[in-house]
Amino acid sequence: MKRFAVAFTGPSGSGKTTLVEKLSKELIETKEVAIIKHDPKDKAIFDKEGKDSYRFSQTGAEVVVASPTRTTYFSQRQKKLDEIIEMFNHFDILLVEGLKTLPLPRIAIFRGYIEESYLSCSEAIAIDHTVDLSQYKIPKEIDILNLNNTQEIIEWIDKNAKSV
C-alpha cells in the first residue's frame with residue numbers, strides 16, 4: 001500500500017488549519033486522509049468545539065494532535081512520526097500541520113507578509129493577494145501556490161508528497 005505525506009508550516013494565524021481542513025474535505029472524497037497537528041505549547045484540547053482538533057475531526061479524517069508531552073489518540077505520551085503513522089491503520093495521504101523539523105515536503109502558508117525564516121524548510125509557499133511578492137527574494141526552487149486554490153495545492157501534493 002502506497003501512503004504519502006506532506007507538511008504545512010507558517011506563522012500563527014496564517015491559515016494553516018483552514019487550509020488543512022479544506023484540503024482534507026476535498027481529498028477525503030477519493031482518499032483516506034489522516035491528519036497530525038503539532039501542538040508545541042501543549043495547549044490542545046481534543047474535540048472541544050472551536051478548537052483546531054474539533055474542526056479537523058469534523059472533516060471525517062482520522063486525527064492525531066501531537067505535542068511534546070502527549071499524543072491524543074489513545075495515548076498520553078509523545079510519539080515519533082513513524083509511531084504515529086503506525087497508529088493509523090490505513091490512509092492514503094497524511095497531512096501534517098507543524099513539526100517543521102520532519103523530513104517531509106512542506107508548504108509554508110503566509111497571509112499579509114512572508115516570514116523568510118520558513119523558506120529554508122519549505123519546498124513551496126501558499127500565499128493570497130495580501131502578499132506582495134516584489135518585497136521578497138523567494139528562492140527559485142520554491143514553488144509559489146495560490147492559497148485560495150485548493151485544486152492547485154492538491155496537484156502540488158500529488159507531485160511532491162513523500163512516500164511514508
Side-chain angles (χ1 to χ4, degrees), residues 1-40 52-53 55-56 59-66 71 73 79-164:
M1 161 180 59
K2 289 236 178 199
R3 303 186 306 183
F4 297 92
V6 66
F8 301 86
T9 194
S12 181
S14 61
K16 298 179 299 292
T17 297
T18 300
L19 179 60
V20 170
E21 180 181 22
K22 285 180 183 179
L23 292 171
S24 179
K25 285 179 180 176
E26 284 194 39
L27 289 166
I28 207 157
E29 292 178 15
T30 58
K31 298 176 181 346
E32 289 196 40
V33 178
I35 298 170
I36 296 174
K37 178 188 172 37
H38 186 226
D39 176 26
D52 294 347
S53 56
R55 290 172 60 191
F56 290 155
T59 70
E62 289 288 320
V63 180
V64 170
V65 178
T71 299
Y73 186 76
K79 293 189 178 290
K80 294 179 181 178
L81 180 62
D82 291 343
E83 291 176 297
I84 295 170
I85 288 172
E86 286 180 30
M87 289 171 32
F88 292 120
N89 186 27
H90 178 77
F91 66 88
D92 299 312
I93 185 75
L94 171 63
L95 307 176
V96 177
E97 182 185 321
L99 293 163
K100 66 181 174 182
T101 59
L102 291 179
L104 292 175
R106 185 168 306 279
I107 301 173
I109 313 303
F110 302 105
R111 291 184 193 270
Y113 69 97
I114 293 176
E115 193 172 313
E116 295 182 59
S117 65
Y118 287 94
L119 298 179
S120 64
C121 65
S122 303
E123 286 71 36
I125 62 172
I127 59 173
D128 66 7
H129 69 282
T130 64
V131 174
D132 180 2
L133 281 177
S134 70
Q135 303 296 311
Y136 305 94
K137 291 188 179 191
I138 308 299
K140 292 178 186 170
E141 64 273 11
I142 293 181
D143 295 319
I144 300 171
L145 307 171
N146 180 341
L147 181 56
N148 297 312
N149 186 337
T150 53
Q151 192 55 47
E152 179 183 44
I153 295 170
I154 289 171
E155 288 171 13
W156 188 92
I157 291 169
D158 286 343
K159 290 178 189 170
N160 295 281
K162 179 181 177 181
S163 181
V164 292

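Residue numbers start at 1 and run along the sequence shown. For clarity, every value in this text was computed on a predicted model and none was experimentally measured.
- Taking both residues in full, the closest heavy atoms of Pro139 and Leu119 are given as CD-CD1, 4.1 Å, listed atom of the first, atom of the second, then distance.
- Using a cut-off of 4.0 Å between Lys/Arg side-chain N and Asp/Glu carboxylate O, Glu21 and Lys25 are scored as salt-bridged.
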Are Leu95 and Leu27 close enough, and set up right, to give a side-chain contact (heavy atoms from CB on, under 4.5 Å), and what steps lead you there?
-> CA-CA 10 Å; Leu95 307 176; Leu27 289 166; 4.3 Å; yes
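- In terms of modelled atom types and a separation under 3.5 Å, the side chain of Tyr136 and the main chain of Ile114 share a donor-acceptor contact.
- A distance of 12.0 Å separates OG in Ser24 from CZ in Arg55, rounded to the nearest 0.5 Å.
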Hey, mind stepping through Ile157 and Leu23 against side-chain contact (heavy atoms from CB on, under 4.5 Å) and telling me if it holds?
-> CA-CA 10 Å; Ile157 291 169; Leu23 292 171; 4.1 Å; yes
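- Heavy-atom minimum distance, Asn146 versus Asn148: OD1-N, 2.8 Å.
- Each salt bridge (charged side-chain N to carboxylate O under 4.0 Å, His left out) pair with one or both residues in residues 125-142, not counting sequence neighbours, appears once here: Arg111-Asp128.
- Between the side chain of Ser14 and the backbone N or O of Phe110, no donor-acceptor pair lies under 3.5 Å.
- Nearest heavy atom pair, residue Leu145 against residue Ala124, reads CD1-CB, 4.0 Å.
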side-chain contact (heavy atoms from CB on, under 4.5 Å) between Glu123 and Trp156, worked out = CA-CA 10 Å; Glu123 286 71 36; Trp156 188 92; 3.8 Å; yes
Step by step, work out the side-chain contact (heavy atoms from CB on, under 4.5 Å) result for Glu26 and Ile154.
-> CA-CA 9 Å; Glu26 284 194 39; Ile154 289 171; 3.6 Å; yes
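- The shortest heavy-atom contact between Lys31 and Ile93 is CD-CG2, 4.1 Å.
- For Thr9, the side-chain contact (heavy atoms from CB on, under 4.5 Å) criterion is met by Lys100, Arg106, Ala108, Tyr118, Ser122, not counting sequence neighbours.
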